[in-house]
Amino acid sequence: MAALAAVLVITGQQTPAVAGGDAEPAPAPASQSDHRVTLITGDRVTVSPDGARVTVTAAPGRAGTRFTSHRAGGHRTVLPEDARPLVAAGLLDRRLFDVTALVRAGYDDARSPGLPLIVSRRGADPAAGLTGPGLRTTGRFAVAGMSAVTVAKTDAASAWSAIREQRAGIERIWLDRPLTPAPVPAPPTELPPALSAGGAAPTVAVLSTGVDAERARPAARVARRQVFAGASTGDRHGHGTRTAAAVPGATLLDGKVCDDDGRCPESAILAGLEWAAGRADVVDLGVGGAEQFGTGPLGRAIERIGDRTGALVLAPAADGAAGAIATHDGAAGRATGLPAGTVTGAALLAQRHPDWSVDRLRAALAASAVDGALDAAALARRNVLPATASLAFGVQQWPHADDRPQQRTLTWHNHGDRPVELRLDVALTGPDGTPAPAGALRLDATTVTVPAGGSAGVAVTADTRHDGPDGRYTGTVTATPAGAPDLAVRSRVEVEKEVESHTLTVRHLGPDGRPTGRAETMVLDLTGELRALLYGEDGTATARLPKGSYVLVGDVVDFGDTDSTWHRLVQPELALDADATVTVDARRTAPVRTTVPRPEARTAVVDLGFDRRAEDGTGFALALALNGFNGLRSGQIGPDLPAERMTGYLHSTWAVPGPAGDFRDTPYTYGLLDTRPGGFFTGFQRKVADRDLATLDSRMVAQVTGRAATKAMFPTVPGVVGVLTPLLPYRLPARTTHLLDGGATVWSAAFGENVPGEDGLPKEITAFGQANQSYQVGQRHADRWNASVLGPMFDFPGHAGRSGDTVWFGVPMYSDQDGHRAGSLTDAATTRMYRDGRLVASSGAGNLEGTVPPGPATFRVEKRTSRPSYSPLSTRVDATWTFRSDTADEIFPLWLVRYKPTVDDHNVARWAPVTLLPVSVMSQPGARVGRVRQLTVRISVDGGRTWRKAPVVPARDGGYRAVVHTPKGTRTVSLRATLVDSHGNRLDQTIVDAYRFSR
């Protein structure tokens with residue numbers, strides 16, 4: 001296939017923040033706050049600030065790569081085709097392609113020059129790391145069996161090639177996630193005497209936010225410190241210090257694995273675990289994210305470290321409850337919830353029983369928790385403890401009439417010198433929170449005597465042949481010593497009575513009708529969650545899934561071969577209420593093709609996808625992006641759905657390739673969007689005629705002549721939230737004609753003036769967005785972009801306002817003359833908010849959020865921006881708004897002044913000694929403002945050094961005209977306006993170098 005020369009743009013629903021009133025959604029322009037992310041493959045993705053657009057650019061040498069885009073649950077995943085088999089096989093962490101998660105983790109290109117990974121190798125040295133261009137091993141963790149590796153984004157494509165070459169020796173590659181500090185535990189109460197007197201002092205490693213020994217009371221004895229994250233040894237969060245205070249008398253190891261900003265990278269945690277292994281009896285891991293420990297690198301590390309060094313690692317419980325602790329409990333990652341103070345109890349047990357295994361310590365701690373509390377003093381007197389922390393009875397598959405009772409033995413050991421009689425009680429709770437039916441959990445004895453120094457056990461039977469609800473049952477077996485109820489111990493019990501579930505079998509057949517292993521089927525629920533990924537070398541794969549409705553997306557293709565035919569089949573709904581077999585047969589697909597009448601036009605992108613919606617309003621979208629129709633075939637399995645539940649779509653953008661094949665300065669484009677309500681396409685054929693389209697003549701004006709720009713047109717129709725669209729390149733000034741589908745299709749647009757960045761991708765100087773517009777078939781329309789004066793503008797309610805005591809301010813400062821909202825790179829930008837003359841909020845950027853005291857007050861907001869490094873126009877834009885506001889939900893009563901000089905395609909006005917400058921005023925939509933009482937305009941012809949008044953007169957169009965006198969030789973005109981309304985709201989606005997004259 002030909003190279004994918006254009007940048008792909010995935011558009012999402014454009015929804016600005018609105019504090020009140022109704023407004024048409026408007027796109028937020030790409031700007032300096034855009035997030036650009038380099039994937040592990042080297043392909044680059046750009047996400048706009050509001051998430052409305054995502055652009056995808058194939059890395060050098062990867063032209064023609066095809067991408068699957070998946071949007072669900074507020075996340076956007078972009079998966080290149082050659083990465084899909086590695087993700088399916090479990091070698092690659094799927095989060096490496098979750099663009100939303102990568103941005104939230106701080107791994108966008110502006111904040112991270114590399115992509116951090118955690119790697120486990122196969123063979124004798126699992127911590128060997130990775131080698132090759134663009135790959136740097138930054139840490140080796142021999143005990144954990146892993147390494148930390150960074151992919152240099154400037155050479156990510158080469159690194160990806162090296163990874164693929166080494167794949168046979170790689171067990172797993174994870175994203176190195178930044179976790180967060182655990183909640184600060186409650187202050188310790190009475191200290192256990194055994195920790196402060198007698199016996200060898202246990203060694204406790206605190207891996208957390210650092211330990212401030214001066215604040216740890218009583219004084220903690222820190223034997224060693226090591227910083228693994230951040231630069232300082234201080235504790236700005238409190239977890240590490242409070243934990244240290246809970247174990248007086250212990251020898252402390254202070255490992256700081258969280259930086260002062262609260263980021264705890266998994267690689268830093270692994271380094272801390274490695275450092276603590278062999279040195280500490282107990283390791284307290286004070287970070288969040290325990291729900292991922294079992295399947296992630298930390299779960300494996302905790303297991304290996306316990307097995308190899310005997311250290312007991314404590315980690316926060318998955319529910320995130322303050323002070324809750326969990327011990328890692330096996331590869332399945334299920335944590336045993338323990339209460340605050342566990343580190344004290346663990347240190348105590350380690351002191352008393354240095355010969356105990358990690359499993360015995362875990363079981364003792366888990367058994368000693370009583371009603372959410374761990375009494376360390378009672379723990380010291382507790383001689384009878386269970387041998388294991390929990391009993392798991394596994395899953396009893398549905399249906400349950402033929403279930404067989406499952407029996408396990410629960411054993412207690414007596415560490416004392418006297419026999420102990422235990423009274424045994426069971427409690428089991430069903431998935432609905434009510435007690436399980438009688439007989440669901442039985443003991444073969446209600447008492448047991450455990451001999452001194454010996455063990456005794458009872459048989460525990462779980463029986464799921466009851467009429468209780470299906471689902472997970474949890475409970476406890478409580479063993480209470482005679483005469484000592486405070487020394488009771490508990491063992492956790494789990495039984496899974498499987499909800500109604502069935503086996504789904506998928507058979508993959510190739511275009512020759514034979515089973516093929518070059519295929520893969522995604523099984524998604526109606527929220528878009530991926531529930532199974534089915535593939536097999538023999539063409540058959542199965543999954544057991546709960547009863548319900550699913551969407552199947554089957555691909556028969558040789559992933560990674562960009563010339564292979566892609567057969568995509570979609571089953572809009574599979575109602576799984578019995579075992580089912582689905583055949584994904586490539587022979588049931590048909591070619592997908594569109595043709596346009598102009599022979600020199602070529603496809604810049606083809607986007608084949610669907611939006612699927614559930615009855616409750618949730619839903620998801622999935623699309624396949626290619627650079628052409630060659631080899632694209634599609635088909636539907638099963639019947640259609642109601643139109644409101646699903647819309648299949650096919651979008652294509654066409655342009656004329658230039659000498660470099662990059663569509664630069666294309667004289668025209670085609671924008672086409674076809675839909676199939678209720679289902680997916682089984683093939684598609686369309687022959688386009690120009691007379692069936694709307695025509696849009698577009699002018700792109702230059703701030704700097706010869707500078708590069710990009711423009712994109714985004715279609716939307718009912719039922720389709722977003723499609724993939726190319727950003728086409730131009731040299732300014734430029735003109736092009738868009739031939740667009742009309743009717744129900746509406747179009748938003750984006751335009752950006754840019755320069756090449758250091759990484760070779762365009763760096764946008766000013767970026768503009770336009771809300772949805774409709775264009776009539778057979779009619780000619782026109783638009784213009786980037787014309788001065790570039791200045792502040794409102795285009796929807798909610799740019800600035802308050803909700804109670806919470807305020808926000810985000811007025812765009814560089815919108816063009818034709819009303820396209822824009823953002824710009826700036827050399828400096830500040831926003832300051834004053835309440836009755838006192839500074840209450842400030843920001844070193846263009847936007848501000850904060851909290852202000854309640855009650856009525858006079859507010860003054862000063863917004864200052866400058867950008868002489870980026871443009872000779874609107875080099876400084878300042879505005880000061882003064883208004884009254886009270887504690888309420890309110891759109892602030894703000895005004896703006898806008899100007900429309902007559903400029904050519906180079907943004908140059910024709911000089912005359914006297915000109916009439918069109919002036920207009922606008923208030924923030926939805927705001928309660930008064931009538932304009934005063935409007936003055938001043939001009940400067942020396943770059944804002946001196947100013948003189950320009951008379952302002954009303955005009956017939958409802959606006960005004962400013963009489964501008966300019967001496968011969970004037971190069972630029974700067975404008976300063978003051979507006980006051982009848983409510984006392986005031987605006988003072990300055991634009992330096994607002995527009996220019998020809999020399």
Side-chain angles (χ1 to χ4, degrees), residues 70 72-75 77 87-88 90 94 291-292 294-295 318-319 331-334 392-404 406 428-434 436-437 440 462-475 493-508 520-536 540-554 569-584 610 612-622 637-639 641 645-646:
H70 180 212
H75 283 249
T77 299
V87 172
R94 190 176 182 86
E291 72 281 357
Q292 297 294 335
T295 57
D319 60 8
R334 188 163 290 128
F393 286 89
V395 178
Q396 292 290 302
Q397 285 194 350
W398 184 94
H400 300 291
D402 60 349
D403 286 358
R404 294 184 178 182
Q406 302 294 308
L428 192 67
T429 301
D432 58 355
T434 63
D463 190 344
T464 51
R465 297 172 301 176
H466 55 72
D467 58 0
D470 295 345
R472 184 166 170 246
Y473 286 74
T474 60
V493 178
E494 280 191 14
V495 184
E496 185 77 25
K497 184 185 179 188
E498 186 186 51
V499 299
E500 182 177 349
S501 299
H502 305 282
T503 298
L504 171 65
T505 300
V506 171
R507 299 173 60 241
H508 294 120
E520 181 181 282
T521 292
M522 294 176 274
V523 183
L524 306 107
D525 64 22
L526 298 191
T527 70
E529 181 181 350
L530 183 64
R531 302 299 298 271
L533 194 60
L534 301 179
Y535 64 98
T540 301
T542 63
R544 188 165 178 84
L545 298 165
K547 176 183 178 180
S549 294
Y550 299 91
V551 179
L552 273 60
V553 180
L569 291 109
V570 174
Q571 183 162 354
E573 184 163 15
L574 170 66
L576 191 64
D577 53 10
D579 290 352
T581 298
V582 175
T583 300
V584 176
F610 64 86
R612 178 68 165 86
R613 297 167 294 280
E615 291 181 355
D616 62 359
T618 61
F620 68 97
L622 195 140
I637 302 171
L641 295 173
R645 299 282 297 280
M646 182 172 180

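Positions are given from 1, in the same order as the sequence printed here.
Minimum heavy-atom separation, L504 to V582: CD1-CG2, 4.0 Å. Taking all atoms of both residues into account, the shortest heavy-atom contact from H466 to A440 is CD2-CB, 3.7 Å. Minimum interatomic distance between T581 and R507 (heavy atoms only, all atoms of both residues): CG2-CD, 3.9 Å. Of all non-hydrogen atoms in G471 and P431, the two that sit nearest each other are CA-CG, 3.8 Å. Across P639 and P572, no two heavy atoms sit closer than the pair O-CG, 3.9 Å. Taking both residues in full, the closest heavy atoms of L534 and T542 are given as CD2-O, 3.6 Å, listed atom of the first, atom of the second, then distance.
In this structure, a donor-acceptor pair under 3.5 Å is absent between the side chains of T540 and H508.
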* Go through the steps to decide whether L524 and V553 satisfy the test side-chain contact (heavy atoms from CB on, under 4.5 Å), and finish with yes or no. => CA-CA 8 Å; L524 306 107; V553 180; 4.0 Å; yes
* Mind running side chain to side chain donor-acceptor pair (under 3.5 Å) on S549 and E573 for me, showing each step along the way? => CA-CA 6 Å; S549 294; E573 184 163 15; 2.8 Å; yes
* Step by step, work out the side-chain contact (heavy atoms from CB on, under 4.5 Å) result for L545 and H502. => CA-CA 6 Å; L545 298 165; H502 305 282; over 6 Å; no
* Start with the C-alpha distance between I637 and V584, add both sets of side-chain angles, then the distance that settles side-chain contact (heavy atoms from CB on, under 4.5 Å), and finish with yes or no. => CA-CA 8 Å; I637 302 171; V584 176; 4.2 Å; yes
* To do: Check the pair T429, Y473 against side-chain contact (heavy atoms from CB on, under 4.5 Å), reporting the backbone distance first and the verdict last.
  => CA-CA 6 Å; T429 301; Y473 286 74; over 6 Å; no
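Contact check on D525 versus R531 returns a salt bridge, with a Lys/Arg side-chain nitrogen under 4.0 Å from an Asp/Glu carboxylate oxygen.
Of the possible polar contacts, none joining the K497 side chain to the R465 backbone as a donor-acceptor pair under 3.5 Å is found. A distance-only check finds a donor-acceptor pair linking the side chain of E498 to the backbone of W398 [under 3.5 Å]. Q406 places a side-chain N or O within donor-acceptor distance of the main-chain N or O of R404, the cut-off being under 3.5 Å. Checked by atom type and distance alone, the side chain of H400 never pairs as donor or acceptor with a backbone atom of V499 at under 3.5 Å. With R645 contributing its side chain and R613 its backbone, the two residues share a donor-acceptor pair below 3.5 Å. With hydrogens and angles disregarded, a donor-acceptor distance shorter than 3.5 Å links the side chain of Y535 to the backbone of A88. Remark: side-chain polar atoms of R612 are not paired, donor with acceptor, to backbone N or O of L526 under 3.5 angstrom.
To the nearest 0.5 Å, the span separating CG on D470 from CD on E500 amounts to 8.0 Å. For the atom pair T521 OG1 and L552 CG, the distance stands at 6.0 Å (nearest 0.5 Å). Of the inter-residue distances, the one linking H70 atom NE2 with E529 atom CD reads 9.5 Å to the nearest 0.5 angstrom.
V495 is listed as a side-chain neighbour of T464, based on a closest heavy-atom distance under 4.5 Å. Within the 4.5 Å cutoff, the side chain of E494 has heavy atoms near those of the R472 side chain. At a threshold of 4.5 Å between non-hydrogen side-chain atoms, the residues L574 and V551 do not count as touching. Side-chain contact check for M646 versus F610: some heavy-atom pair is nearer than 4.5 Å.
Considering only residues two or more places apart in sequence or on other chains, D432 meets the side-chain hydrogen bond (donor to acceptor under 3.5 Å, both in side chains) condition with T434.
Aromatic pair F620/H75: centroids not less than 6.0 angstrom apart.
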